[in-house]
Structure formats: C-alpha cells, structure tokens
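As structure tokens, the structure follows; a few thoughts come after it.
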Amino acid sequence: MRLSQYFLPLLRENPSEAQIVSHRLMLRAGMIRQSSAGIYSWLPLGFRVLKRVEQIVREEQDRSGAQEILMPTIQPAELWRESGRYEDYGKEMLRIRDRHEREMLYGPTNEEQVTVIVRDAIRSYRDLPKNLYHIQWKFRDEVRPRFGVMRGREFLMKDNYSFDLDQKGAKHSYNKMFVAYLRTFARMRLKAIPMRADTGPIGGDLSHEFQILAETGESAVFCDRRWLETDILAEAESLGYDSDLEPFFRQWTGLYAATDEMHKPESCPIPADQLVSARGIEVGHIFYFGAKYSKPMGAVVAGPNGEEVPLEMGSYGIGVSRLVGALIEANHDDAGIIWPESVAPFRLGLINLRPADDKCRAAADDLYSKLRNAGIEALYDDRDESPGAKFAAMDLIGLPDQLIIGPRGLAAGNIEWKRRRTGERQDLPLDNTVQRFAEGG
Ligand code: 5CA
C-alpha cells in the first residue's frame with residue numbers, strides 16, 4: 001500500500017479524551033475514531049489488526065475442533081425470558097422494539113440463542129459433544145465505557161458454547177478451551193494468566209479469566225510470583241486435544257492466581273512474600289455452568305438408556321476488539337506502537353527519504369513491487385514529507401521492520417534496515433532485501 005493513497009489520519013497531538021496509552025496511540029495512529037461513547041469505527045490500519053487478531057482466534061478454535069457459525073446481533077426477548085435472564089440482565093442490555101412492537105434486544109452474549117439452535121437439532125447423546133463458536137459484535141450498555149476499545153459498549157467477541165452429555169465430558173471441553181486460549185494468546189506474544197474468577201451474570205461455579213498484567217488494567221489481580229517466570233505455553237503446545245488434559249489443568253491451576261473477587265487474603269494458600277498483587281486486562285473468560293440454561297430451556301437429549309438428560313454446557317469468550325488495545329498496552333514505547341509480527345497490520349514499512357530524487361524513487365518503486373510480488377505486505381511511504389515526519393509516522397504505527405532508501409546508501413547499493421522493537425539498524429544490500437524477508441527475515 002502506498003501511504004500517499006492510504007487513508008491514515010494520523011494525529012500529531014495527544015487527544016485529551018484518552019487516558020491510557022493504547023487509546024491514545026490508536027487514535028494518533030489513525031486506527032479508530034469514536035462514533036459515540038464506547039462505540040468506534042475501525043479505520044483501515046486498525047481494521048487490519050482487528051482482522052489479524054480475529055484470524056488467530058479463529059485458527060485456534062478450529063484447531064481445537066470447535067465449529068464456526070454466525071448468530072445474529074439482534075435477538076428476540078422471548079429467548080431470554082425462557083432462561084429467566086431477561087429481567088436479571090438490567091440496564092446493560094439494549095432493549096429495542098420493532099415496528100410490530102415486538103421486544104428485541106442487541107445481544108450482549110449468546111447462551112440462549114445457541115441453546116435453542118442445539119436444542120432443536122440434537123436428539124441423542126450420539127450427536128455429542130458439540131462446540132460451536134462465532135465472532136460477532138456485542139452490545140453492553142456499560143455504566144462507564146472507557147479506555148477506548150478496552151471497555152466499549154459495542155465490541156467484538158469470540159464466544160463459543162460446548163454441549164456434552166455429562167460432567168466429565170463438559171470438563172474435558174472446558175480443559176480444551178483452557179489450552180486453546182493459552183495457544184491463542186501466545187501466538188500474539190501475550191502472557192495471559194488463567195485466574196480463578198467470579199462468574200457474574202453468565203452463572204455457574206467454575207470459571208477462569210485470562211489476565212494480562214498491565215498497570216492500566218481494570219482488574220485487581222493476585223498471583224504466585226512464579227507465574228512471572230514460567231512459560232506455561234511450552235507445555236501446552238505439545239498436548240493433543242484428545243488426550244486427558246486434566247493433569248495439565250490441575251498442574252497450572254495449582255499455581256495460585258485469582259481475581260479480586262475470588263482472592264481472600266485470610267485463606268490465601270501462599271505466603272505474602274510469594275504473592276504478586278497487580279492490575280490485569282481480562283482478555284478472555286471461560287465458564288462451566290452445567291444445566292443452567294439447558295434445564296429451563298428444555299435442551300435435552302436421549303441418554304444411552306433412553307432417559308432424558310439436560311445438556312451440560314460451558315461458554316467461552318475472548319474480547320477480540322479489546323485485545324487490540326491490550327496488545328498495544330503490552331507493546332509500545334515513547335515513539336509509538338511496536339506490533340508483534342503475528343498481528344502487525346503490514347509486515348514492514350518502506351520509506352523513501354527523497355521522493356523527488358529520480359534514482360531513489362525508481363529504486364523504492366522497484367523494491368515495493370518486488371516485495372508485493374513476493375507476497376510481503378509493505379506500507380510504502382512515498383509521500384513528499386520530511387525524513388523526520390516519515391520516521392515519526394513509521395515509529396508511531398509500529399510495523400515490525402522499516403526499510404529506508406536514501407541517496408547515500410543507494411550510491412553504495414544499500415538500504416537501511418531498522419527493527420522497530422530494538423531500534424537496531426543495519427545496512428542491507430538492496431539486491432538481497434526481498435529474499436531476506438521472503439525467508440522470514
Ligand atoms: N458468554 C460469556 C462467554 S462467551 C461472556 O460473555 N463472557 S464475558 O462477559 O466474560 O465476556 C467475554 C470477554 O469479552 C471478556 O473476557 C472481555 O475480554 C470481553 N469484553 C467483555 N466486556 C467488554 C467490553 N465492554 N468491551 C470490550 N471487551 C469486553
């Protein structure tokens with residue numbers, strides 16, 4: 001993409017409404033714009049990151065055996081009356097009437113909707129287990145929408161729902177998501193710690209939140225110091241989804257980690273000097289709630305002896321749009337964002353320092369087209385701007401690598417390569433550049 005043609009409205013000044021760094025940088029880097037409180041439009045650069053995050057989430061869901069569907073954003077109120085949650089959900093639910101005065105709502109989550117789909121389609125225990133997910137916009141009329149996409153009112157969530165015959169099967173489904181979540185966040189280079197959590201309006205008595213430690217996190221969290229040093233994923237990577245995951249689950253949940261609501265200082269199992277008290281960003285939350293929805297909604301199957309059994313269920317959420325903010329909280333410096341490669345909106349930035357110089361322009365145009373032909377996504381700064389402005393813009397938007405073409409280097413057949421994360425710079429022979437990045441540079 002040529003920057004001269006790209007819709008990238010950068011802001012020079014820090015927007016006053018943004019209190020935390022990710023919100024500030026998302027606005028400054030032209031990723032999002034606010035429409036109303038807690039509701040945002042995603043501009044081209046931000047939308048690319050959102051899609052990449054979504055794709056990693058999708059791939060790890062598929063790998064775990066979950067199947068993708070798409071349920072609507074607007075749901076009928078009757079569904080929620082069946083489960084008994086319509087009144088309970090309170091003011092967070094956006095309630096709407098259609099032209100026939102039918103009560104509708106903008107879905108804050110989809111337990112009821114998916115339970116009906118499965119209830120109407122599945123009759124026998126032989127059709128189980130099933131795990132269905134979708135990636136869809138949700139609406140919650142939060143009392144205090146803030147921090148940009150971190151606590152929005154409209155936000156993108158991946159939510160899935162598991163259906164099993166019995167508790168043992170349901171626990172295995174829960175454990176699978178426990179592992180899938182670790183893999184998902186690790187692919188984004190995020191260390192998300194699973195913590196015992198309160199189940200809130202979703203219900204049930206077993207749940208874990210996946211928390212990224214960050215000073216700007218909204219949750220107070222507590223964990224064993226050893227969490228900071230261990231690499232839980234190294235072990236999760238080698239597990240097969242069909243194997244018994246309970247030992248892995250026990251091992252890791254044995255290492256203390258709890259959110260504020262679940263942490264009781266008087267009964268905390270670890271000594272005070274081993275306990276870390278920190279702030280966290282909740283990027284995922286998994287729940288096991290058994291028959292909480294299937295019973296009132298009549299979602300039953302015929303069991304092996306012909307008896308009617310209510311489905312054992314769990315639900316599992318990942319805050320896809322919140323993750324974009326969380327990624328920035330975890331990856332930035334004073335100059336701007338530093339994207340991990342797996343979610344970067346472009347693989348690299350190409351800067352032509354002297355667009356008015358014929359040789360520079362020819363070399364930069366040529367490199368850009370070769371990169372494109374090799375399938376390497378580049379954002380090419382071909383604008384007529386000062387070098388300083390170009391460097392600042394490139395650092396702000398945080399692509400993993402920068403390739404800089406200027407008259408001096410070019411005379412020696414070189415370009416300059418800068419790694420955004422480390423600031424390391426090195427000359428590269430122009431001829432080898434494409435090959436280097438095609439090989440995963
Ligand atoms: N039905 C369950 C699991 S699918 C559920 O809704 N869980 S949740 O309420 O914990 O939400 C799942 C994830 O969505 C959270 O972990 C969080 O990452 C994200 N999320 C929740 N509320 C917001 C919000 N207001 N803004 C941005 N992300 C949010």
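All values derive from a computational prediction rather than experimental measurement. The analysis underlying the following values was restricted to heavy atoms, covering all of them including side chains, and did not include hydrogens, waters or symmetry mates. We're numbering straight along the sequence, starting at 1. Ligands are counted one by one from 1 in listed order, and the atoms in each one are counted from 1 as well.
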Could you tell me the residue and atom name of the protein heavy atom closest to [atom], and the distance to it rounded to 0.1 Å?
atom: atom 17 (C) of ligand 1; result: R322 NH1, 3.5 Å
atom: atom 13 (C) of ligand 1; result: G319 N, 3.9 Å
atom: atom 7 (N) of ligand 1; result: F287 CE1, 3.4 Å
atom: atom 26 (N) of ligand 1; result: G152 N, 3.0 Å
atom: atom 20 (N) of ligand 1; result: F155 CE1, 3.5 Å
atom: atom 11 (O) of ligand 1; result: M157 CE, 3.5 Å
atom: atom 15 (C) of ligand 1; result: E282 OE2, 3.1 Å
atom: atom 6 (O) of ligand 1; result: R140 NH2, 2.8 Å

**OP:** Give the C-alpha distance, both sets of side-chain angles, the deciding distance and a yes or no for salt bridge (Lys or Arg N to Asp or Glu O under 4.0 Å) between E78 and R81.
**Re:** CA-CA 5 Å; E78 299 98 76; R81 292 214 165 89; 5.5 Å; no
Original post:
With sequence neighbours excluded, what pairs up with Y256 under the ring pair (Phe, Tyr, Trp, His ring centres under 6.0 Å) test?
Top reply: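 H263.
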Side chain or backbone of [X] under 4.0 Å from ligand 1, or both, or neither, by non-hydrogen atoms?
X: T109; value: side chain
X: K138; value: neither
X: E142; value: side chain

Original post:
Do side-chain atoms of R322 reach the backbone of E282 as a donor and acceptor pair under 3.5 angstrom?
Top reply: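 Yes; at least one donor-acceptor contact below 3.5 Å.
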Original post:
Checking K176 side chain against A66 main chain: does a donor-acceptor pair fall under 3.5 Å?
Top reply: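 Absent.
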Quick check with a 6.0 Å cut-off and a 45 degree axis cone: is [X] positioned over the face of [Y]'s six-membered ring?
X: R383; Y: Y6; answer: no
X: R85; Y: F289; answer: no
X: R48; Y: F346; answer: yes

Original post:
Looking at Y181, F249, F287, which hits ring pair (Phe, Tyr, Trp, His ring centres under 6.0 Å) with H208?
Top reply: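 Considering Y181, F249, F287, a ring pair (Phe, Tyr, Trp, His ring centres under 6.0 Å) with H208 is found only for F249.
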Numbered atoms and elements of ligand 1 in range of [X], under 4.0 angstrom, heavy atoms:
X: G317; value: 3 (C), 4 (S), 12 (C)
X: V149; value: 27 (C)
X: V283; value: 16 (O), 18 (O)
X: D159; value: 4 (S)
X: E111; value: 1 (N), 2 (C)
X: H285; value: 10 (O), 16 (O)

Original post:
For ligand 1, is M150 a contact, meaning one of its heavy atoms is under 4.0 Å away?
Top reply: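 Within the 4.0 Å threshold, so yes.
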Subject >> S321 near ligand 1 by a heavy-atom separation under 4.0 Å >> reply: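 It does not, in that no heavy atom of S321 comes within the 4.0 Å cut-off of ligand 1.
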Original post:
Between R183 and E60, does at least one N-O distance fall below 4.0 Å, as a salt bridge requires?
Top reply: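 Here R183 does not pair with E60 in a salt bridge, since their nearest N and O are not under 4.0 Å apart.
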Original post:
Below 4.0 angstrom, N of the basic side chain to O of the carboxylate: do K91 and D141 qualify?
Top reply: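 Result for this pair is no, no salt bridge flagged.
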Original post:
So, for T259 and D198, which heavy atoms are closest and what is the spacing to 0.1 Å?
Top reply: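 The pair with the smallest heavy-atom distance is OG1-N, 4.3 Å.
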Original post:
Hey, what's the ring geometry for Y288 with Y174, parallel, tilted or perpendicular (30° and 60° as the breaks)?
Top reply: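 Perpendicular.
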